[in-house]
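Below, each value reflects all heavy atoms present in this structure, side chains not excepted, and no hydrogens, waters or symmetry copies. In listed order, ligands and their atoms are each counted from 1. Residue numbers run from 1 in the order of the sequence given.
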Amino acid sequence: MSALTLVIGNKNYSSWSLRGWLVASHSGLAFNEQQLALQAADFKQQVARFSPAGRVPVLLVGETAIWDSLAIAEYLAELEPGLWPTSLLDRARARAISAEMHAGFQALRQQMPMNVRAVGRTVPSTPALEADIARIVDIWESCRREHLRQGPWLFGRWSIADAMYAPVAARFRTYGVSLPVLAAEYLVTALSDPALLDWAVAAQEEPTLPSSEVGLPN
Ligand SMILES: N[C@@H](CCC(=O)N[C@@H](CS)C(=O)NCC(=O)O)C(=O)O
């Protein structure tokens with residue numbers, strides 16, 4: 001098979017890169033990593049070398065670029081089908097909540113930017129943000145209720161759906177979002193993923209991007 005290289009952004013701030021990277025890590029496939037700095041003046045030129053879409057993550061399969069976190073996840077799942085749940089209906093549901101994350105939750109994304117290493121931040125509540133959080137809690141609680149006996153992840157065993165919500169888990173920690181029991185338990189599981197912990201260690205060393213630093217104490 002051609003060599004795999006995942007092009008990513010800053011580990012502290014790039015939530016879509018984190019999703020692609022978690023799927024690649026959980027696939028067990030060997031891959032190289034190439035990092036681009038989102039704050040670099042020539043970021044657009046750099047990323048254009050890999051992808052016409054101009055965004056990270058990008059998976060290079062030999063010379064061929066696959067861009068967009070969900071397309072990357074689907075490609076890796078073609079190679080390693082265990083990245084999605086085994087049961088047909090669970091697989092469909094996992095895809096539904098992954099697509100919902102990929103396409104939505106704009107208020108959460110804008111008002112609570114991912115900042116892996118930050119804790120103790122507070123942002124003003126808005127109806128749109130509250131609605132996004134309530135919907136995510138509903139997703140997490142219903143998945144966990146259904147799969148309690150199969151393991152601690154959304155569908156029991158780890159799947160791409162967990163990668164899609166990992167940046168949300170990081171945000172809930174950063175901004176101290178309070179959660180009901182099953183969602184709180186899932187948050188602990190998500191934040192204890194050894195792959196996420198490795199990513200978070202690397203994020204500690206990176207430069208600060210002032211535009212993504214929100215909710216600092218006064
Ligand atoms: N739908 C894309 C979104 C990718 C995306 O927005 N990536 C951000 C980093 S997290 C980016 O490249 N931003 C740089 C830019 O837009 O110039 C995906 O799922 O991969």
Side-chain angles (χ1 to χ4, degrees), residues 4-27 31-61 64-78 83-84 94-118 121 123 132 136 139 154 159-175 190 195-196 198-200 202-215:
L4 300 177
T5 301
L6 189 67
V7 184
I8 56 172
N10 305 42
K11 289 191 171 176
N12 196 51
Y13 301 110
S14 180
S15 58
W16 296 107
S17 298
L18 170 57
R19 294 177 173 102
W21 189 90
L22 284 176
V23 178
S25 295
H26 279 267
S27 75
F31 69 101
N32 304 307
E33 196 177 301
Q34 180 150 355
Q35 207 172 2
L36 303 180
L38 292 170
Q39 73 278 14
D42 65 347
F43 171 79
K44 281 293 179 197
Q45 286 108 292
Q46 291 288 332
V47 76
R49 294 192 291 130
F50 305 110
S51 162
R55 292 191 168 177
V56 285
V58 183
L59 181 69
L60 303 174
V61 183
T64 305
I66 300 165
W67 58 92
D68 196 287
S69 55
L70 209 42
I72 291 167
E74 289 290 7
Y75 174 78
L76 294 171
E78 300 257 6
L83 289 168
W84 285 119
R95 284 196 166 101
I97 66 164
S98 297
E100 194 173 344
M101 179 72 244
H102 192 251
F105 302 118
Q106 293 300 337
L108 180 97
R109 278 148 65 173
Q110 278 157 21
Q111 294 169 51
M112 290 184 162
M114 189 180 85
N115 188 341
V116 170
R117 64 189 172 216
R121 302 294 176 92
V123 290
D132 280 357
I136 290 166
I139 290 170
L154 291 172
S159 77
I160 288 167
D162 298 291
M164 294 306 285
Y165 284 87
V168 175
R171 287 169 159 111
F172 283 0
R173 174 178 55 191
T174 295
Y175 301 99
L196 178 61
D198 283 351
W199 175 277
Q204 294 292 334
E205 309 301 325
E206 293 180 344
T208 298
L209 298 193
S211 59
S212 297
E213 294 291 331
V214 305

Does L38 form a side-chain contact (heavy atoms from CB on, under 4.5 Å) with V56? I'd like the steps, not just the answer.
CA-CA 9 Å; L38 292 170; V56 285; 4.1 Å; yes
Value rounded to 0.5 Å, distance of NE2 in H26 from CG in L76:
12.5 Å
Determine, for E74 against R95, whether the closest basic-nitrogen to carboxylate-oxygen distance falls under 4.0 angstrom.
yes
Considering only N or O atoms, set out every pair between ligand 1 and the protein closer than 3.5 Å, with distances to one decimal place.
unit_1	atom_1	unit_2	atom_2	d
ligand 1	1 (N)	D68	OD2	3.0
ligand 1	7 (N)	V56	O	2.8
ligand 1	12 (O)	V56	N	3.0
ligand 1	16 (O)	R55	NE	3.1
ligand 1	17 (O)	K44	NZ	2.9
ligand 1	19 (O)	D68	OD1	3.4
ligand 1	19 (O)	S69	N	3.2
ligand 1	19 (O)	S69	OG	2.6
ligand 1	19 (O)	H102	NE2	3.1
ligand 1	20 (O)	S69	N	2.8

In sequence, state the C-alpha distance, the side-chain angles, and the governing distance for W199 and S17, and then conclude on side-chain contact (heavy atoms from CB on, under 4.5 Å).
CA-CA 11 Å; W199 175 277; S17 298; 3.9 Å; yes
Contact between S15 and R171 at the side-chain level, heavy atoms closer than 4.5 Å - yes or no?
yes
Applying side-chain contact (heavy atoms from CB on, under 4.5 Å) to T174 and M112, what does each step give before you reach the verdict?
CA-CA 9 Å; T174 295; M112 290 184 162; over 6 Å; no
